[in-house]
Student: 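Let me begin by handing over the structure; questions about it come next.
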Amino acid sequence: MAIRNIREIGEEVLTKKAREVTEMTPRIRELIEDMLETMYEANGVGLAAPQVGVLKRIVVIDVTGEDPHILINPRIVETSGEQTGQEGCLSVPGKSGQVTRPNYVKAVALDVNMKETELEGTELLARAICHEVDHLDGHLYVEKVEGPLQDVSADDDEEE
Ligand code: NI
């Protein structure tokens, strides 16, 4: 496993639509392991493959630090409610901003064995799912931010 370099806002790879994964390979397994390690090392709660420079539809999410989720080709199939709160992103270091998201989200995806799986969550998990799926379509939360971006200290706040 290895820590990968996290791409930052301004880099073109973060604005592109990622491609579907059609088969699991040793290389993709390694990418997923590296994404988890990179996310934990950066104290993030989520990371999408484009953030490490790979245009594949893969995200990892762990909002508690002990409950990793791996979603391949995720699709949001259900949302409800609304939450407004501070959001950050590992690709936009040192900043946060207010974003409104659904309070409940259900996604379908493939797991590491390319079997269909589901992930549903509320609050931070719902927010993270939306945020990471946005990355796969080349979108950053700063496009949705309400009001100005704020400076945050490095060890505050969850980042995705
Ligand atoms: Ni992000």
Side-chain angles (χ1 to χ4, degrees), residues 1-21 28 31-76 79 82-110 119-160:
M1 296 212 287
I3 304 289
R4 303 226 180 176
N5 184 31
I6 297 178
R7 306 306 176 90
E8 294 187 0
I9 186 168
E11 295 192 52
E12 206 183 337
V13 71
L14 293 174
T15 67
K16 295 196 163 168
K17 197 170 161 72
R19 290 179 296 273
E20 298 234 322
V21 176
I28 292 176
L31 168 67
I32 291 167
E33 286 178 10
D34 289 354
M35 284 172 63
L36 283 166
E37 194 177 357
T38 303
M39 174 182 73
Y40 289 129
E41 202 264 345
N43 294 315
V45 299
L47 189 70
Q51 292 183 275
V52 294
V54 179
L55 283 170
K56 292 188 187 303
R57 300 187 80 80
I58 303 170
V59 309
V60 296
I61 293 172
D62 189 344
V63 297
T64 64
E66 47 198 29
D67 187 23
H69 299 284
I70 295 154
L71 301 177
I72 298 170
N73 303 340
R75 277 187 308 120
I76 291 172
T79 64
E82 200 174 88
Q83 57 173 320
T84 298
Q86 289 300 114
E87 197 161 314
C89 179
L90 294 173
S91 295
V92 190
K95 301 285 181 189
S96 77
Q98 184 172 290
V99 182
T100 297
R101 302 279 194 185
N103 196 51
Y104 165 84
V105 172
K106 179 169 156 184
V108 294
L110 300 175
L119 178 62
E120 60 177 355
T122 60
E123 300 176 4
L124 180 58
L125 182 53
R127 178 178 293 282
I129 294 168
C130 294
H131 178 113
E132 301 312 331
V133 170
D134 277 355
H135 273 299
L136 302 181
D137 292 320
H139 296 298
L140 297 176
Y141 82 93
V142 297
E143 299 163 36
K144 299 185 170 169
V145 82
E146 297 149 21
L149 280 183
Q150 288 151 25
D151 292 316
V152 291
S153 69
D155 51 13
D156 248 13
D157 252 38
E158 296 96 355
E159 296 184 299
E160 299 155 53

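FYI, the numbering just counts along the sequence from 1. Indexing begins at 1, ligand by ligand and atom by atom, following the structure's order.
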Student: List for me each residue that meets salt bridge (Lys or Arg N to Asp or Glu O under 4.0 Å) alongside Glu12, sequence neighbours excluded, and say none if there are none.
Tutor: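 Scan of Glu12 (salt bridge (Lys or Arg N to Asp or Glu O under 4.0 Å), adjacent residues dropped) gives Lys16.
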Student: Check whether any side-chain N or O of Ser91 sits under 3.5 Å from a backbone N or O of Gln51 as a donor-acceptor pair, and report yes or no.
Tutor: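 Not at all, since once roles are kept as given, no pair shorter than 3.5 Å links the two residues.
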Student: With sequence neighbours excluded, tell me which residues meet salt bridge (Lys or Arg N to Asp or Glu O under 4.0 Å) with Arg101.
Tutor: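 Testing Arg101 for salt bridge (Lys or Arg N to Asp or Glu O under 4.0 Å), a comparison that skips the adjacent residues, returns Glu87, Asp134.
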Student: Just to verify, which of Val13, Asn5, Leu31 counts as forming a side chain to side chain contact (heavy atoms under 4.5 Å, CB included) with Val52?
Tutor: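 Of Val13, Asn5, Leu31, side chain to side chain contact (heavy atoms under 4.5 Å, CB included) with Val52 is met by Leu31 alone.
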Student: Quick one: side-chain hydrogen bond (donor to acceptor under 3.5 Å, both in side chains) partners of Glu146, sequence neighbours excluded?
Tutor: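 With sequence neighbours excluded, Glu146 shows a side-chain hydrogen bond (donor to acceptor under 3.5 Å, both in side chains) to Gln98, Thr100, given in chain and number order.
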Student: Just by distance, do the side chain of Asp34 and the backbone of Ala2 share a donor-acceptor pair under 3.5 Å?
Tutor: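 Answer holds: yes.
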Student: Just to be sure I understand the site: which N, O or S atoms from the protein are less than 2.8 Å away from the Ni ion (ligand 1)?
Tutor: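 The answer is Cys89 SG, His131 NE2, His135 NE2, Glu160 O.
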